[in-house]
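Below, chain A is the first sequence line, B the second, and so on; all start at residue 1. Bear in mind the structure is a predicted one, so any value in this text is a computation, not a measurement.
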There are 2 protein chains.
Amino acid sequence: MDLEGASKGMANTKKMDYVLLGLLSHESMTGYEMKKRLDTTLRFFWGGSYGSIYPTLNQLEKEGKVTKEDTSSNGREKISYSITEYGRESLRDWLRKPVEKDELRYETLLKLFFGNETGMEGAKEHIERFEEKCKGELVVLNMFAENLAQYLEDDTHKHYYLTVKFGIKTYESYLEWCKEAKEQIKEWEGK
Amino acid sequence: MDLEGASKGMANTKKMDYVLLGLLSHESMTGYEMKKRLDTTLRFFWGGSYGSIYPTLNQLEKEGKVTKEDTSSNGREKISYSITEYGRESLRDWLRKPVEKDELRYETLLKLFFGNETGMEGAKEHIERFEEKCKGELVVLNMFAENLAQYLEDDTHKHYYLTVKFGIKTYESYLEWCKEAKEQIKEWEGK
DNA sequence: GAATAATATATCAGTTTGATATATTTGTCA
DNA sequence: TGACAAATATATCAAACTGATATATTATTC
């Protein structure tokens with residue numbers, strides 16, 4: 001028990017290991033495909049770059065948590081990764097531990113917070129740009145949800161569905177906030 | 001115009017500069033005090049560590065954006081930082097640029113997404129822990145809002161107030177999602 | 001037939017975190 | 001009064017991660 005030295009008093013800070021193991025627990029794929037998943041399916045709550053994906057995959061292979069298979073065809077280099085039973089144990093071990101950190105880093109809020117340096121006009125612009133972006137994200141998320149609704153017998157899709165619902169709920173509340181914030185600013189300006 | 005090489009086609013990726021300049025635009029303070037602000041006032045939308053604060057302060061001084069003043073008393077080392085006019089220009093320049101990235105990194109959602117490896121029972125536990133945490137955060141945010149409501153003549157506090165309202169709105173929607181997600185799981189289990 | 005987009009792996013400098021080291025002062029409680 | 005814990009304060013480092021870039025092939029569009 002007690003994989004990867006969590007007993008040594010050090011926090012389990014490297015998350016990319018589990019993100020990639022998680023993706024591979026669904027199906028075998030290439031590093032490129034993992035990046036695409038991070039940019040589409042997971043993008044509303046988690047990110048990841050090539051600079052983190054490829055080195056982590058090599059490390060996971062050395063640790064025996066994934067296996068490589070050269071599936072190059074013609075001249076196109078292609079390495080397909082699969083999760084091992086040991087990798088799956090490691091993933092489950094992590095999944096059962098309590099969450100260490102949920103973090104929001106919204107530059108929009110940062111610029112809004114320091115906004116009195118440039119005035120309410122600047123704040124309003126940032127809120128409007130944020131509003132437009134949220135509307136776009138909501139369209140995407142609603143498409144995801146509609147699509148998913150057809151496959152809810154599958155347990156994997158049930159979990160996916162819950163995260164999409166989270167996204168929809170939060171983006172809807174962002175839009176409400178945008179509306180109220182703009183009204184509040186108008187009220188302040190009126191006086 | 002066009003401070004700090006944004007013209008060279010490189011993204012302005014270092015955010016800590018502006019976080020610290022922003023804090024100093026409100027009032028002069030020490031690095032330790034800046035860390036406290038990040039851990040209290042800003043913690044709902046931005047973080048920061050000592051390992052990033054102190055080196056950045058030294059860099060900002062070299063660039064002429066802040067000035068140091070030794071305010072040690074008795075044996076306690078203490079350096080008070082103040083923003084310069086050039087630093088303020090640099091801050092305003094950044095504030096007027098469009099937001100580059102708003103990012104959410106919720107480990108809770110990650111564990112939920114991959115949760116079919118450990119089953120719905122594990123998912124429920126993560127949701128419940130998340131729910132408890134959100135309730136606590138909401139209490140803090142509501143205290144902030146109540147407190148702030150007294151000082152809304154001040155423009156700095158108006159901006160602060162809008163960000164607190166954002167936090168309240170989102171945490172309330174998180175709680176709604178927790179409720180609905182638990183109901184959904186129960187429904188799935190019933191079948 | 002040429003240009004552009006997509007597939008695919010890989011690396012690197014710069015940024016940030018989380019932890020730790022060090023030292024003093026203030027507050028608590030017995 | 002004395003002992004212990006908490007708060008104040010600066011500083012550094014390994015490890016993690018991002019954003020950008022390099023390289024090369026195949027597929028698509030015009």
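- Taking the charged nitrogens against the carboxylate oxygens, A/Glu89 and A/Arg92 have no contact shorter than 4.0 Å, which rules out a salt bridge.
- Rounding to whole angstrom units, OH of residue A/Tyr81 and C1' of C/dA8 are separated by 11 Å.
- By the 4.0 Å N-to-carboxylate-O rule, A/Glu183 lies too far from A/Lys186 to be salt-bridged with it.
- Here D/dT8 is the nucleotide among D/dT12, C/dA8, D/dT8 with the atom lying nearest to any side-chain atom of B/Arg76.
- At a non-hydrogen distance threshold of 4.0 Å, B/Gly47, B/Gly48, B/Ser49, B/Gly51, B/Ser52 from residues 33-52 of chain B come into contact with DNA chain C.
- D/dA16 atom P lies 13 Å from atom CG of A/Leu20, rounded to whole Å.
- Closest approach of A/Leu104 and A/Tyr174 over heavy atoms only: CD1-OH, 4.0 Å.
- Of the residues near DNA chain D, A/Ser73 and B/Thr30, the one whose nearest nucleotide (by heavy atom distance) lies more toward the 5' end is B/Thr30.
- Under 4.0 Å is where a charged nitrogen must lie from a carboxylate oxygen, and between A/Lys158 and A/Asp155 at least one such pair does.
- In this entry the distance linking CD of B/Glu100 with C1' of C/dG14 reads 14 Å, nearest Å.
- The side chain of A/Tyr54 approaches C/dT11 more closely than any other nucleotide in the set C/dT11, D/dA16, C/dT16.
- Rounding to whole angstrom units, CD of residue A/Glu77 and P of C/dT11 are separated by 11 Å.
- Remark: B/Glu128 does not engage B/Lys124 in a salt bridge, criterion side-chain N to carboxylate O under 4.0 Å.
- In summary, B/Glu137 and B/Arg43 engage in a salt bridge, as defined by a charged side-chain N under 4.0 Å from a carboxylate O.
- Shortest non-hydrogen contact noted between A/Ser49 and A/Lys35 is CA-NZ, 4.2 Å.
- The structure places CG of A/Leu20 at 10.5 Å from OH of A/Tyr54, a figure rounded to the nearest 0.5 Å.
- Between the NZ atom of A/Lys78 and the C1' atom of C/dT7 there is a distance of 8 Å, given to the nearest Å.
- Taking for each of B/Lys68 and A/Met16 the nucleotide of DNA chain D with the nearest heavy atom, the 5'-most of the two is the partner of B/Lys68.
- Contact detail for A/Arg88 and A/Ser25: the closest heavy-atom pair is NH1-O, 3.6 Å.
- Phosphate proximity of D/dT8 to B/Tyr32: present, with a side-chain N or O under 4.0 Å from OP1 or OP2.
- Counting to the nearest Å, the P atom of D/dT10 and the CD atom of B/Glu69 are 13 Å from each other.
- Distance A/Leu57 CG to C/dT9 C1': 11 Å, rounded to the nearest Å.
- Regarding A/Asp70, its CG atom lies at a distance of 10 Å from the P atom of C/dT9, rounded to whole Å.
- For A/Lys15, whose side chain is taken as the heavy atoms from C-beta onward, the closest listed nucleotide among C/dA10, D/dT26, D/dC17 is D/dC17.
- Comparing D/dA16, D/dA9, D/dT26 by their nearest atom to the side chain of A/Lys14 picks out D/dA16.
- Within residues 103-113 of chain A, no residue places a heavy atom under 4.0 Å from DNA chain D.
- B/Arg37 and B/Leu23 make their closest contact through CB-CD2, 3.9 Å (heavy atoms, listed as atom of the first residue, atom of the second, distance).
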